[in-house]
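Right, one structure below, let's go through it.
This is a predicted model, so every value here is computed, not measured.
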Amino acid sequence: MFLAAVARDVLGDNVLLVTASSGTYPASEMKEAVELAGLMALKHRVFVSEELEIPGFSDNSPQRCYYCKRELFLKFGQIASEEGYSEVFDGSNADDLNDYRPGRKALAELGIVSPLCEAGLTKEEIRKYSAEMGLRTASKPSFACLASRFPYGEKITADKLSRVGTAEDALRRLGFRQFRVRSHGDLARIEVESSEMDSAWKIRTELEKICREAGFTYVSLDLHGYRTGAMNEVL
């Protein structure tokens with residue numbers, strides 16, 4: 001939203017927001033994307049993208065994000081061409097350069113522009129400037145597609161994505177802010193921020209019930225807590 005707001009300020013209404021609707025994201029994210037586009041009064045186009053149909057994606061190799069980003073941004077480029085736009089921007093930021101991000105290779109191959117990376121803006125800086133601009137996403141928790149919840153090599157299916165999404169929706173309703181439900185076969189490994197660890201432990205029985213009802217057999221609470229790129233630790 002920060003990138004969209006700045007683009008609007010610079011380019012006026014000569015901006016088109018594009019969102020891919022996918023089973024790898026909960027419905028609440030799509031609903032919010034539509035709401036935010038409406039708040040900014042910008043043109044918004046939504047298309048359906050089923051990542052599980054992308055060759056190599058469901059096999060979940062370390063190159064999974066490359067396959068996904070290449071397919072998605074090919075479609076973004078097609079839409080840009082159809083609508084008469086010369087450039088496609090994405091919201092990658094400077095912090096993304098410090099983690100394993102095979103999708104960045106696809107963006108480079110396709111000539112996608114990442115203004116926030118070029119400006120050297122970190123997540124914290126983006127939150128700071130978003131707050132100054134009055135954007136409601138300034139304090140929005142970090143989020144990544146549900147496919148990032150699986151260890152490399154574990155095949156991703158629609159049922160597994162739904163299982164993770166159901167469990168995370170329930171944790172969100174309980175008030176947890178920054179968390180992940182990582183899927184290891186029949187085991188759900190819950191990551192929460194260190195500040196919320198005591199709260200999670202106190203309701204561990206309820207968390208176990210939530211994950212079991214979602215379809216997991218075993219449930220654990222990760223003592224290290226929430227961190228980005230947890231599944232990349234094995235690489």
Under a 4.5 Å cut-off applied to non-hydrogen side-chain atoms, are [X] and [Y] in contact?
X	Y	result
I190	S220	no
L207	L174	yes
R45	I79	yes
S148	R64	yes
S130	M1	no
M30	T19	yes
V164	F150	yes
M133	D9	yes

Under the side-chain hydrogen bond (donor to acceptor under 3.5 Å, both in side chains) criterion, do E109 and Y66 qualify, and how do the steps go? CA-CA 11 Å; E109 291 174 351; Y66 171 80; 2.7 Å; yes

Are the side chain of [X] and the backbone N or O of [Y] linked by a donor-acceptor pair below 3.5 Å?
X	Y	result
E208	V219	no
Q178	S142	yes
N232	D99	no
R227	G225	yes
R204	L221	no
S22	T24	yes
T166	S162	yes
R189	D222	no
E193	F179	no

Of all heavy-atom pairs between [X] and [Y], which one has the smallest distance, and what is that distance?
X	Y	result
P55	Y67	O-CG, 3.9 Å
R127	T137	NH1-O, 4.1 Å
A94	C117	N-SG, 4.2 Å
R149	M231	O-CE, 3.1 Å
A158	L52	N-CD1, 3.5 Å
F143	P26	CZ-CD, 3.5 Å

Around atom [atom1] of [X], are there more than 12 heavy atoms from other residues, nucleotides or ligands closer than 6.0 Å?
X	atom1	result
L11	CG	yes
K160	NZ	yes
K140	NZ	yes
Y152	OH	yes
K209	NZ	no

Hey, could you give me the [atom1]/[atom2] distance between [X] and [Y], rounded to the nearest 0.5 Å?
X	Y	atom1	atom2	answer
L161	Y25	CG	OH	11.5 Å
D90	D96	CG	CG	8.5 Å
L235	Y100	CG	OH	6.0 Å
R70	C68	CZ	SG	13.0 Å

Are [X] and [Y] joined in one hydrophobic group, where the rule is that I, L, V, M, F, W and Y side chains link up if heavy atoms are under 4.5 Å apart?
X	Y	answer
V10	L17	yes
I112	L3	no
V113	I126	yes
L97	F89	no
L171	I203	yes

Step-by-step side chain to side chain contact (heavy atoms under 4.5 Å, CB included) determination, S49 to L72: CA-CA 7 Å; S49 175; L72 281 178; 3.1 Å; yes

Please step through salt bridge (charged side-chain N to carboxylate O under 4.0 Å, His left out) for the pair K155 and D59, ending with a clear verdict. CA-CA 5 Å; K155 192 172 184 66; D59 292 334; 3.2 Å; yes

May I ask you to check whether F176 and Y226 place their ring centers less than 6.0 Å from one another? no

Result for side chain to side chain contact (heavy atoms under 4.5 Å, CB included) between D95 and one of E125, K123, E124 points to K123

Test F47 against F76 for ring pair (Phe, Tyr, Trp, His ring centres under 6.0 Å), laying out the working first. CA-CA 10 Å; F47 70 94; F76 289 152; 5.6 Å; yes

CA sep, side-chain torsions, deciding dist, call: V6, L116, side chain to side chain contact (heavy atoms under 4.5 Å, CB included): CA-CA 10 Å; V6 172; L116 305 181; over 6 Å; no

Please check if any side-chain donor atom of S92 sits under 3.5 Å from a side-chain acceptor atom of R104, or the reverse. yes

Do the charged groups of E191 and R182 touch, with an N to O distance under 4.0 Å? yes

For the pair K31 and E29, evaluate salt bridge (charged side-chain N to carboxylate O under 4.0 Å, His left out) and give the outcome as yes or no after the intermediate values. CA-CA 5 Å; K31 180 182 177 182; E29 289 291 306; over 6 Å; no

Taking the six-membered ring of F216 as reference, does the NZ or CZ atom of R163 fall below 6.0 Å from its centre and within a 45° cone about the axis? yes

From CA spacing to verdict: side chain to side chain contact (heavy atoms under 4.5 Å, CB included), R136, L39: CA-CA 10 Å; R136 81 180 203 189; L39 286 173; 3.8 Å; yes

Does R180 form a salt bridge (charged side-chain N to carboxylate O under 4.0 Å, His left out) with E168? I'd like the steps, not just the answer. CA-CA 7 Å; R180 295 288 185 268; E168 289 197 352; 5.4 Å; no

Please work out whether the ring planes of F2 and Y129 are parallel, tilted or perpendicular, with thresholds of 30° and 60°. parallel

Kindly determine whether K202 and M197 satisfy side chain to side chain contact (heavy atoms under 4.5 Å, CB included), including the steps that lead there. CA-CA 9 Å; K202 288 176 182 176; M197 191 73 75; over 6 Å; no

